[in-house]
There are 2 protein chains.
Amino acid sequence: MRALPMVYLITIPELLMVTNVKEILKKNQLSITESRRKILQLFYNANDALSHADIEKLTGDDFDRVTIYRTLQTFVEKGIVHTIPTADNSVRYALCKDNCTEGHHHDNHVHFLCDECGKTYCLDHVTIPDIQLPKGFHQKQTDLVISGVCKNCD
Amino acid sequence: MRALPMVYLITIPELLMVTNVKEILKKNQLSITESRRKILQLFYNANDALSHADIEKLTGDDFDRVTIYRTLQTFVEKGIVHTIPTADNSVRYALCKDNCTEGHHHDNHVHFLCDECGKTYCLDHVTIPDIQLPKGFHQKQTDLVISGVCKNCD
DNA sequence: AAAAATTTTGCAACAAAGTTGCATTTTGGT
DNA sequence: ACCAAAATGCAACTTTGTTGCAAAATTTTT
Ligand SMILES: [Mn+2]
Ligand SMILES: [Mn+2]
Ligand SMILES: [Zn+2]
Ligand SMILES: [Zn+2]
């Protein structure tokens with residue numbers, strides 16, 4: 001009989017992670033509530049963007065739908081997460097990695113949507129090129145979303 | 001008393017325009033119905049993109065909401081109009097000017113959304129630059145939407 | 001540590017947006 | 001004019017998002 005493969009179970013001390021999230025909330029002058037802690041933690045655990053529906057599923061019935069809407073809105077306002085518009089009309093949210101501040105986002109990176117697995121990626125190192133607009137048009141925000149097949153579904 | 005300003009009223013013969021729209025429907029192997037004719041005509045009259053809500057207002061209660069949804073869906077499938085994703089999660093539709101065919105769109109131009117007047121422009125002459133994606137990612141569709149202040153609201 | 005002030009949450013009610021099934025009407029072809 | 005196929009209208013339903021307000025939780029003050 002062959003030996004079973006060795007499995008290393010690494011447990012990350014929750015206290016550390018929670019503290020981390022707490023610090024971020026404090027830094028942004030937000031009161032520490034269960035919903036904000038848990039939802040922000042979800043973003044740190046996920047490696048892709050989350051929709052409102054995703055969060056609703058992941059949190060079960062811990063929180064009311066309205067609370068999730070308001071929490072996401074707050075995070076966007078504070079520059080903690082940014083929104084990603086999609087062609088199918090369902091906004092996703094992802095952590096801001098650039099130093100975004102209250103009311104001012106700097107996430108000028110490209111977003112990728114996989115048609116296969118549905119994942120939304122922040123391509124943090126792919127920046128949006130400058131676009132020359134016709135006379136009279138003044139640019140404030142630019143969203144570049146590419147869809148196709150991701151590296152996992154390749 | 002000053003003379004009133006001269007007003008030139010130009011009436012465009014409806015028959016001509018309708019025929020034009022009819023031809024486009026025929027070319028796309030779609031049966032000529034009142035809703036398709038009227039909605040397609042709306043797009044030819046408008047110089048900016050239209051949302052489902054816009055069309056609902058413009059057509060009054062001529063058609064059911066569901067018919068408008070289905071008509072737009074058909075137009076998109078046939079390559080007559082293309083969708084424009086927006087940050088506020090409301091899809092707009094605009095005529096395809098490139099030679100798009102059934103199931104294959106080629107509208108790789110930039111879209112502009114005015115924060116002031118809410119208009120959506122197809123910047124047909126501003127093309128989306130090529131984006132170099134990380135290994136393993138395969139590009140199918142690209143949407144570049146810029147928001148700000150348009151030339152009219154400047 | 002307790003009380004007061006402020007903020008956040010959950011609930012209910014509502015509005016807007018979109019989908020589906022099916023009977024009726026309209027369209028295109030003979 | 002007739003028939004088959006396609007499109008429409010209607011009803012019912014789901015999903016998504018918003019608002020007001022009382023209750024609960026958090027922060028600040030004492
Ligand atoms: Mn991003
Ligand atoms: Mn366009
Ligand atoms: Zn994928
Ligand atoms: Zn404008």
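By convention in this document, chain letters (A, B, ...) are assigned in the order of the sequence lines, proteins followed by strands, and residues within each chain are numbered from 1.
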Next item on the list: Look at all strands and tell whether B:D62 reaches a base, only sugar-phosphate, or nothing, counting heavy atoms closer than 4.0 Å.
Entry: sugar-phosphate
Check: Taking for each residue the nucleotide of DNA chain C bearing the nearest heavy atom, is the 5' side occupied by B:V91 or by B:T33?
Finding: B:V91
Note to self: Using a 4.5 Å cut-off between side-chain heavy atoms of Ile, Leu, Val, Met, Phe, Trp and Tyr, which other residues end up in the same hydrophobic cluster as A:L133?
What the structure shows: A:V110, A:F112, A:Y121, A:L123, A:V126, A:I128, A:I131, A:F137, A:L144, A:I146, B:V110, B:F112, B:Y121, B:L123, B:V126, B:I128, B:I131, B:L133, B:F137, B:L144, B:I146
Next item on the list: Would you kindly give the CG-to-P distance between A:D54 and D:dT15, to the nearest whole Å?
Entry: 15 Å
Notebook entry, point to check: Does OP1 or OP2 of C:dT8 have a side-chain N or O of A:S31 closer than 4.0 Å?
Noted result: yes
Note to self: Go nucleotide by nucleotide along DNA chain C from the 5' end; which of B:L30 and A:F63 gets its closest nucleotide reached first?
What the structure shows: A:F63
Next item on the list: Send over the distance from A:K57 NZ to D:dT16 P, rounded to a whole Å.
Entry: 8 Å
Next item on the list: Please report, rounded to the nearest Å, how far the C1' atom of C:dG10 is from the CD atom of A:E34.
Entry: 13 Å
Checklist line | Atom pair distance, as rounded to whole Å: OH in A:Y69 and C1' in C:dC14 | finding: 14 Å
Next item on the list: Please tell me which of the listed nucleotides, D:dA7, C:dG18, D:dC10, lies nearest to the side chain of B:H52?
Entry: C:dG18
Next item on the list: Nearest whole angstrom, please: distance from the P of C:dT8 to the CG of A:L40.
Entry: 15 Å
Check: Yes or no on salt bridge (charged side-chain N to carboxylate O under 4.0 Å, His left out) for B:D124 and B:K97, after CA distance, side-chain angles and deciding distance?
Finding: CA-CA 8 Å; B:D124 295 297; B:K97 281 155 194 169; 3.0 Å; yes
Item checked: Residue whose nearest DNA chain D nucleotide is more 5′ - B:R65 or B:R36 -> B:R36
Next item on the list: Kindly determine whether B:Q139 and B:T142 satisfy side chain to side chain donor-acceptor pair (under 3.5 Å), including the steps that lead there.
Entry: CA-CA 8 Å; B:Q139 181 166 6; B:T142 309; 2.6 Å; yes
Which atom pairs, donor and acceptor, lie under 3.5 Å between side-chain atoms of residues 61-71 of chain B and protein residues at least two apart or in another chain?
unit_1: B:D62; atom_1: OD2; unit_2: B:K38; atom_2: NZ; d: 3.3
unit_1: B:D64; atom_1: OD2; unit_2: B:V66; atom_2: N; d: 2.9
unit_1: B:T71; atom_1: OG1; unit_2: B:T67; atom_2: O; d: 2.7

Note to self: Between C1' on C:dT9 and CZ on A:R37, what's the gap in Å once rounded to a whole number?
What the structure shows: 15 Å
Item checked: Test item: side-chain donor near acceptor, A:Q141 and A:D143, under 3.5 Å -> yes
Note to self: Output the rounded distance in Å from CD1 (A:I68) to P (C:dC11).
What the structure shows: 12 Å
Check: Think A:T67 has a side-chain N or O under 4.0 angstrom from the OP1 or OP2 of C:dG10?
Finding: yes
Notebook entry, point to check: What integer distance in Å separates B:D64:CG from C:dT26:P?
Noted result: 15 Å
Item checked: Check: D:dG9 base within 3.5 Å donor-acceptor of B:R70 side chain -> yes
Note to self: As a test of reading the structure: which of C:dG28, D:dT16, D:dC10 is closest to the side chain of B:I32, going by heavy atoms?
What the structure shows: C:dG28
